[in-house]
Every structure is written in structure tokens, then in C-alpha cells.
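What follows is a short report on a single structure.
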Amino acid sequence: MCGRYSETKDINVLEERFDLQIDKKYKPNYNASPGNVLPVITNKDPKNLTFMQWTLLPHWSKERKIKYSTFNAKAEELTEKPSFRSLITTKRCLVPASGFYEWKDVTPEETDMFGQRLPNPKTKKEKQIYFINLKSDELFAMAGLWDEWIDQKTGEIVSSFTIITTTANELVKPIHPERMPVILTRETEKLWLDNSLSKEQLLALLTPYEAQEMKAKPLPGIVDFPNPK
DNA sequence: CCAGACGTTGTT
DNA sequence: GTCTGG
DNA sequence: CCAGACGTTGTT
DNA sequence: GTCTGG
């Protein structure tokens, strides 16, 4: 899945990579989390960064808060889910990232008084965090959907987005066996924002990224990933 | 008809 | 255990 | 995704 | 908003 990512490149690198004019203040973020307001590039305004809350709030929601998990959307089920199905044709976005994080469950070694490894360790589960990105260390775009919710009392508009997931590729599987974010290539990211494509053409873009173009690195902790200068 | 759900991941 | 906030 | 909270009454 | 279950 994708529940934490980073965007640690300088504003100039981001502008050049995605051909943007950035007027709003933008800060690199090594710890982008669900609920945060983060920059995306929408099909509606592809030359600018748009800041939205990560966790999709459907336009028909009665409450300002959603009670179930919508920070990811399964690519295979997009067209069926009430929260997402209307968005594929009208509200797509790119989520710029320098990498994403996955936590691998680690069963700690436990030995008995003779130094023999116990088959069923009773110690608590531990997790090892990994930073996953492109071998080139370049920025990339994850595929997303967005929506707008209007507060009926105040008229305030809350914009939000979700990151689409697909099956884990060979690089991610050992860390996190099931899911990973959809990462687009420089070619398919243009198509994802293209309003002339059919729904079928768009859905065909949502495939796992080439594993050989990616790398993973264990980190001592999420805050230990170096910030840009 | 109305009421209620609407989601993802990984698991004991 | 389960929900909320970030 | 993880980390942290998870409660009440009456008051210094 | 729109579908499902009762």
C-alpha cells in the first residue's frame, strides 16, 4: 500500500520535472502522511501545484470527516466503489514523490538458555522501515484521484485526494507482500492527465512499475532520512 | 419504500 | 482492541 | 502508514 | 450521489 511518502526535492527541481509554475509556497516534506495537506497536479490545472488533504472526502459525504479508510484506492476496484467510481473520468491527479515508505514486519530472534532459536518467539513484533524510490533518485508521479466537498453551512470547499494502489512488484514484495502505489512513467503520467482518453485507456495505465528501475533501503527511522539542504 | 453504507491493509 | 490525528 | 489516546468531576 | 439490504 502507500501510507507514507516523501517529497524532498527542491522547488526548482519539482517545477522542472513536471513543467509547473509554482506560485504558492512549497516546502519539501520527508514525512507526508494521511490527513496532511500536500501538493498534487490535477487534470483540471496541470500547470500548477494544487494543495489538498490526503484522504479522500467524497463530494456526497454528510460529514466533514470520513469514517473509513480512503487514503488509498485499489486500481482493480476503482470503477465499482461509490467513493471513487465517478472520479476516474473527471478528477485525476499526479502525486509527486521522491520515494515512499513501507514497514516490514520483523519477527525478532529469540533464543533459549542454550542459545537455540525458539520456533515461536514470544517477544513483541517489530517493524523495519524501508525507503523505496527510483534507482535514478529522480522524482516520480503516483496516480491519484481527487474530489471536492462543499460545506453546506459555510460554502467552504474541501479538496482531497487518494493514491491508487496495485499489486506489489518483485522489489516491494519481500518488504510488503500485497500492495504498492501505482507509479507512472514520464510517458504515462502525461496520459493520466489527458482529458481525451477513454476510461478503458486510463485504467490500462494503472500497472505495477518496473521493479528493475526501483530500489529499497532500510532506515533506522523515518526522521533519519536526510532532508534536502 | 426507507435506512444505511460508501474503504484499505494485513491478521489472530 | 479500536479509533483519531497527523 | 504509525503513534497516541482511550475519562470524570470539580477546582488551584 | 447511488446502490444494497430489509
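Labels below follow one simple rule: chain letters A, B, ... track the order of the sequence lines, proteins then strands, and each chain is numbered from 1.
Judged by Watson-Crick or G-U wobble contacts below 3.5 Å, the nucleotide B/dC1 has E/dG6 as its partner. Partner assigned to B/dG7 is none, using Watson-Crick or G-U wobble distances below 3.5 angstrom.
For the C1' atoms, the distance from D/dC1 to B/dT8 is 11 Å, rounded to whole Å. Using atom C1' as the reference point in both D/dG7 and C/dC3, the two lie 15 Å apart (nearest Å). B/dT9 and D/dA5 are spaced 28 Å apart, taking the P atom of each and rounding to whole Å.
Under a hydrophobic-cluster definition in which Ile, Leu, Val, Met, Phe, Trp and Tyr are linked whenever side-chain heavy atoms come within less than 4.5 Å, directly or via other members, A/L78 and A/L57 are assigned to different clusters. If you chain together hydrophobic residues whose side chains sit under 4.5 Å apart, A/I11 and A/F18 fall into the same group.
The side chain of A/T165 places an N or O atom within less than 4.0 Å of a non-bridging phosphate oxygen (OP1 or OP2) of B/dT9. Phosphate contact (OP1/OP2 of C/dG5, side-chain N/O of A/K65, threshold under 4.0 Å): present. Taking 4.0 angstrom as the limit, A/K81 places a side-chain polar atom (N or O) nearer than this to OP1 or OP2 of B/dT8.
In the model, A/T70 has no side-chain atom that pairs as donor or acceptor with a side-chain atom of A/T162 under 3.5 Å.
Whole-Å rounding puts the A/W54 CH2 to C/dG6 C1' distance at 11 Å. Rounded to whole Å, the distance from CG on A/N36 to C1' on C/dG6 is 5 Å. Distance, A/M180 CE to B/dT9 C1': 16 Å, rounded to whole Å. Between A/M52 atom CE and C/dG6 atom P there is a gap of 21 Å when expressed in whole angstrom units. In this structure, A/W103 places its CH2 atom 14 Å from P of B/dT11, rounding to the nearest Å. Atom pair A/I66:CD1 and E/dG1:P shows a separation of 15 Å (rounding to whole Å applied). Between the P atom of B/dA5 and the CZ atom of A/F84 lies a distance of 17 Å, rounded to the nearest Å. The CZ atom of A/F100 sits 14 Å away from the P atom of D/dC2 (whole-angstrom rounding).
Both geometric conditions, a ring-centre gap below 5.5 Å and a plane tilt below 30°, are fulfilled for A/W60 over the base of E/dG1.
The side chain of A/H59 lies closest to E/dG1 when the candidates are E/dG1, B/dG7, D/dC2. The side chain of A/D105 sits closest to B/dT11 out of B/dT11, B/dC6, D/dC1. Here D/dC2 is the nucleotide among B/dC6, D/dC2, B/dT8 with the atom lying nearest to any side-chain atom of A/K127. Looking at the side chain of A/S33, the nearest of the listed nucleotides E/dT2, C/dG6, B/dT8 is C/dG6. Closest to the side chain of A/K74, out of C/dG6, E/dT2, B/dT8, is B/dT8. Distance from the side chain of A/K62 is smallest for B/dA5 among the nucleotides B/dA5, B/dG7, C/dG6.
Under the 6.0 Å cut-off for aromatic ring centres, A/F131 and A/Y101 qualify, their centroids lying closer than that.
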Checklist entry - Passes side chain to side chain contact (heavy atoms under 4.5 Å, CB included), A/I41 versus A/L49? Steps please. => result CA-CA 5 Å; A/I41 304 154; A/L49 271 194; 3.9 Å; yes

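When A/H59, A/R64, A/E156 are each tested for a side-chain contact (heavy atoms from CB on, under 4.5 Å) with A/W149, only one passes: A/R64.
Nucleic acid contact for A/E102: none, since no nucleic acid atom lies under 4.0 Å from a heavy atom of the residue. Across all strands, A/F71 comes closer than 4.0 Å to base atoms (heavy-atom distances).
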